[in-house]
Amino acid sequence: MRAMVCTSYGPPEVLQLQEVPRPEPRAKEIRVGVRATSVSFGDLMVRNFKAVTPSQFNMPLLFWVFARLYSGFTKPRTSILGSEFAGVVESAGKAVTTFKPGDEVFGYLGQGMGADAEYLCMPEDGCVARKPANLTFEEAAVAPYGAIMALELLRNARIQPGQRVLVLGASGGIGSAAVQLARHHFGARVTGVCSTAGLELVRSLGADRVVDYTKEDFTRSGETYALVFDVLGRSSFARCRSSLEPGGRYLLASFKGKQLLQMLWTRLTGADLRVICALAPGSAESLRTVKELLESGKLKSVVGRRFRLEQLAEAHRWAESGPKRGHVAISVA
Ligand SMILES: NC(=O)c1ccc[n+]([C@@H]2O[C@H](COP(=O)([O-])OP(=O)(O)OC[C@H]3O[C@@H](n4cnc5c(N)ncnc54)[C@H](OP(=O)(O)O)[C@@H]3O)[C@@H](O)[C@H]2O)c1
């Protein structure tokens with residue numbers, strides 16, 4: 001089969017089209033004919049992980065050490081990237097009961113990756129579900145990562161209907177889903193923070209208000225929120241305190257040891273304002289919720305740009321080249 005193989009760590013050119021053996025499904029696995037995949041934050045990070053220093057890594061040092069050991073020293077252990085996919089079940093192992101050949105599915109492979117290829121195999125009880133009927137393969141392929149992460153991370157904040165929520169990084173993979181989920185799933189009033197290029201997108205996703213971080217500092221507006229959700233961890237608790245209502249939560253998807261200590265401190269002292277550093281495992285149950293939200297229209301999947309599989313290097317270059325402008329979809333078939 002054709003696959004884009006990450007031949008070494010480095011710039012997008014390390015991604016090369018190669019013929020590789022088609023994977024064979026084990027007894028409880030399905031083989032999916034991939035129709036579309038995506039380029040997300042994880043692809044860009046893994047492709048060039050050798051150059052990512054602990055300080056550039058948005059997680060504590062120990063996480064970086066584990067990631068470095070897992071990722072491989074001279075070249076990525078995971079040579080086929082692509083963590084999200086949509087496609088058609090092409091064959092199923094003899095013990096598979098949930099899916100059958102011909103089923104249209106979408107899913108999330110996480111750091112195991114493998115979707116930048118014509119076929120992939122995965123366990124039937126992995127993070128895979130039937131594709132939302134109202135979405136194209138491209139739209140379905142770019143949805144799982146951001147939506148699953150946003151859903152699982154936001155659940156930690158216990159948002160109540162009518163509360164005010166601020167999302168930092170609102171035009172990104174996780175942030176664009178967080179804006180929609182906070183608004184349409186949890187019933188909050190949402191402010192999205194991003195750079196100028198993403199303002200229209202974030203407004204179209206349902207944000208009641210948008211803030212351009214290149215022109216305005218949201219901490220000086222006098223507005224307060226029940227939740228400040230920072231996806232990239234570029235803000236600080238000290239700066240955000242004055243933007244939190246009594247009982248407010250400061251939720252981080254990216255954090256260092258300092259924020260972990262702040263979480264511990266605010267919890268142990270019973271402080272009114274809480275810091276929450278959260279991890280999203282990425283479960284099949286979350287994907288099924290995401291499917292329902294996509295089908296009900298509460299969640300939209302926004303494809304910013306399409307590329308073909310053999311143009312993957314170009315797609316990575318485009319994704320790295322500037323502000324976020326919607327998701328990058330890769331057509332495989
Ligand atoms: N906790 C977990 O379980 C978990 C799971 C997955 C990922 N993560 C973390 O999530 C992060 C990646 O998120 P993602 O996939 O959404 O990334 P992404 O798609 O690259 O989006 C990043 C967003 O942040 C915006 N941004 C950059 N600087 C900003 C600032 N100063 N203020 C506000 N917004 C800013 C960008 O907007 P512009 O382009 O317009 O600047 C962009 O919209 C990584 O740090 C990763 O480690 C955590």
Side-chain angles (χ1 to χ4, degrees), residues 38-49 52 54-61 63-64 66-67 71 83-84 108-111 113 127 142-157 166-181 191-203 205 207 210-219 228-236 239-240 243 251-256 259-260 263 275-283 286 302-305 315-316 318-329:
S38 75
V39 176
S40 67
F41 180 87
D43 297 272
L44 305 176
M45 175 69 86
V46 171
R47 194 204 71 227
N48 206 16
F49 197 62
V52 177
S55 63
Q56 288 165 334
F57 194 58
N58 296 340
M59 288 287 178
L61 178 64
F63 287 46
W64 178 87
F66 281 126
S71 65
S83 67
E84 309 172 276
Y108 177 59
L109 300 164
Q111 294 314 301
M113 299 212 191
C127 195
V142 300
Y145 156 72
I148 292 172
M149 296 299 129
L151 181 66
E152 294 183 354
L153 293 165
L154 285 177
R155 277 177 180 154
N156 291 283
L166 179 123
V167 178
L168 286 162
S171 58
I174 298 176
S176 61
V179 166
Q180 300 182 71
L181 292 170
T191 298
V193 183
C194 60
S195 69
T196 318
L199 295 176
E200 253 335 291
L201 168 73
V202 175
R203 207 175 273 123
L205 297 176
V210 288
V211 175
D212 183 343
Y213 70 78
T214 66
K215 299 197 173 123
E216 194 184 335
D217 179 353
F218 75 92
T219 61
V228 170
F229 176 31
D230 186 352
V231 177
L232 284 185
R234 298 265 165 88
S235 64
S236 73
R239 280 188 55 234
C240 291
S243 302
L251 174 66
L252 292 158
S254 310
F255 47 85
K256 296 284 193 181
Q259 286 77 31
L260 284 173
M263 175 166 80
V275 176
I276 305 172
C277 303
L279 290 174
S283 73
S286 299
V302 183
V303 176
R305 183 91 192 260
H316 273 233
W318 191 80
E320 283 176 336
S321 68
K324 285 290 281 195
R325 295 150 282 182
H327 299 298
V328 180

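Read the numbers this way: they start at 1 and go in the same order the structure lists the ligands and their atoms. Bear in mind that the values here come from a model prediction, so they are computed numbers and not experimental data.
Contacts of Ile174 with ligand 1, taken as heavy-atom pairs under 4.0 Å, involve both backbone and side chain. Only backbone heavy atoms of Ala278 (N, CA, C or O) come within less than 4.0 Å of ligand 1; its side chain stays farther off. Only the side chain of Ser254 comes within 4.0 Å of ligand 1, counting heavy atoms alone; its backbone N, CA, C and O stay farther away.
Put simply, the side chain of Lys256 gets close to the backbone of Phe57: a donor and an acceptor are under 3.5 Å apart. At distances below 3.5 Å, not a single donor-acceptor pair connects side-chain atoms of Glu216 with backbone N or O atoms of Val211.
Between Gly173 and ligand 1, a contact under 3.5 Å exists for at least one N or O pair. Below 3.5 Å of separation, one finds an N or O of Ala253 facing an N or O of ligand 1.
Under a 4.0 Å criterion applied to the non-hydrogen atoms of Arg234, ligand 1 contributes the atoms 27 (C), 28 (N). Those atoms of ligand 1 with a heavy atom of Ala280 less than 4.0 angstrom away are 2 (C), 3 (O). With ligand atoms numbered from 1 in the order given, ligand 1 contributes 23 (C), 24 (O), 25 (C), 33 (C), 34 (N), 43 (O) to contacts under 4.0 Å with heavy atoms of Gly169. Using a 4.0 Å cut-off to heavy atoms of Tyr145, the atoms of ligand 1 that qualify are 6 (C), 7 (C), 12 (C), 13 (O), 14 (P), 15 (O). Shown in contact with Pro323 at under 4.0 Å from a heavy atom are these atoms of ligand 1, numbered in order with element: 39 (O), 40 (O). Of all the atoms in ligand 1, the ones that sit under 4.0 Å from a non-hydrogen atom of Met149 are 5 (C), 6 (C). Within ligand 1, the atoms closer than 4.0 Å to a non-hydrogen atom of Asn58 are 44 (C), 45 (O), numbered from 1 in the order shown.
Between atom CG of residue Leu154 and atom CE of residue Met149 there is a gap of 12.5 Å, rounded to the nearest 0.5 Å. The structure places CZ of Arg239 at 4.5 Å from CG of Asp217, a figure rounded to the nearest 0.5 Å. We find the CG-CG distance between Leu232 and Leu252 to be 10.5 Å, quoted to the nearest 0.5 Å. Here the straight-line distance linking atom CE of Met59 with atom CG of Leu260 works out to 9.0 Å at 0.5 Å rounding.
When hydrogens are left out, the protein atom nearest atom 37 (O) of ligand 1 is Ser171 OG, 3.4 Å; that is the closest non-hydrogen contact. Scanning the protein heavy atoms around atom 39 (O) of ligand 1, the nearest turns out to be Lys324 N, 2.9 Å. Looking from atom 40 (O) of ligand 1 to the surrounding protein, the closest heavy atom is Ser195 OG, 2.4 Å. Of the protein's non-hydrogen atoms, the one nearest atom 21 (O) of ligand 1 is Gly172 CA, 3.2 Å. Among protein heavy atoms, the minimum distance from atom 20 (O) of ligand 1 is reached at Phe41 CD1, 3.8 Å. Nearest protein heavy-atom neighbour of atom 13 (O) of ligand 1: Val231 CG1, 3.3 Å. When only non-hydrogen protein atoms are considered, atom 27 (C) of ligand 1 lies nearest to Leu232 CD1, 3.4 Å. Given atom 32 (N) of ligand 1, the protein heavy atom at minimum distance is Tyr213 CD2, 3.4 Å.
Within the 4.5 Å cutoff, the side chain of Cys194 has no heavy atoms near those of the Lys324 side chain. For the pair Ser176 and Val179, the minimum side-chain heavy-atom distance is 4.5 Å or more. Under the 4.5 Å side-chain criterion, counting only non-hydrogen atoms from C-beta, Lys215 is in contact with Thr196. Side-chain contact check for Cys277 versus Met263: some heavy-atom pair is nearer than 4.5 Å. No side-chain heavy atom of Cys127 sits under 4.5 Å from any side-chain heavy atom of Pro144.
Between Glu200 and Arg203 a salt bridge is recorded (basic side-chain N to carboxylate O distance below 4.0 Å).
Distances shorter than 4.0 angstrom do not occur between any heavy atom of Gly198 and any atom of ligand 1.
Between Phe255 and Phe63, the ring-plane angle classifies as perpendicular under the 30° and 60° cut-offs.
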